[in-house]
Amino acid sequence: MRLGEMLALKWTDLDLTKKTIRIPKTKKSIRTIMIDDGLVALFKAHKREQMVLEMKQRLVESSIIPTFLCPTY
């Protein structure tokens with residue numbers, strides 16, 4: 001797998017149940033590669049970590065008070 005292909009991966013390109021990655025080469029051509037259990041475990045751990053970071057970010061964003069709501073003195 002090429003570096004550019006790895007950097008362009010989306011979660012929708014992965015099928016962790018079937019242990020495959022779909023790599024779009026062109027609009028009509030998609031290459032599918034098999035991955036091992038170790039890589040599946042790494043992807044699952046990364047996805048969990050990503051979800052935790054996204055939840056933390058939403059909490060931070062939801063706790064910000066827009067400046068137009070603050071009284072001016």
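Numbering starts at 1 and runs along the sequence shown. Quantities reported herein were computed from a predicted structural model and do not represent experimental measurements.
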> Could you give the distance from NZ (K56) to CE (M51), rounded to the nearest 0.5 Å?
Replying inline: 13.5 Å

> With sequence neighbours left out, what residues match E49 under side chain to side chain donor-acceptor pair (under 3.5 Å)?
Replying inline: none

With a cut-off of 3.5 Å and sequence neighbours excluded, list every side-chain donor-acceptor pair involving residues 6-15.
{"unit_1": "W11", "atom_1": "NE1", "unit_2": "Q50", "atom_2": "OE1", "d": "2.6"}
{"unit_1": "D13", "atom_1": "OD2", "unit_2": "K10", "atom_2": "N", "d": "2.9"}
{"unit_1": "D15", "atom_1": "OD1", "unit_2": "T17", "atom_2": "N", "d": "3.1"}
{"unit_1": "D15", "atom_1": "OD1", "unit_2": "K18", "atom_2": "N", "d": "3.0"}

> Does a side-chain heavy-atom distance below 4.5 Å link I21 with M1?
Replying inline: yes

Residues 29-44 side chain polar contacts: donor-acceptor under 3.5 Å, at least two apart:
{"unit_1": "R31", "atom_1": "NH2", "unit_2": "E5", "atom_2": "OE1", "d": "2.7"}
{"unit_1": "R31", "atom_1": "NH2", "unit_2": "E5", "atom_2": "OE2", "d": "2.9"}
{"unit_1": "D36", "atom_1": "OD1", "unit_2": "G38", "atom_2": "N", "d": "3.3"}
{"unit_1": "D36", "atom_1": "OD1", "unit_2": "L39", "atom_2": "N", "d": "2.9"}
{"unit_1": "D37", "atom_1": "OD1", "unit_2": "K19", "atom_2": "NZ", "d": "2.4"}

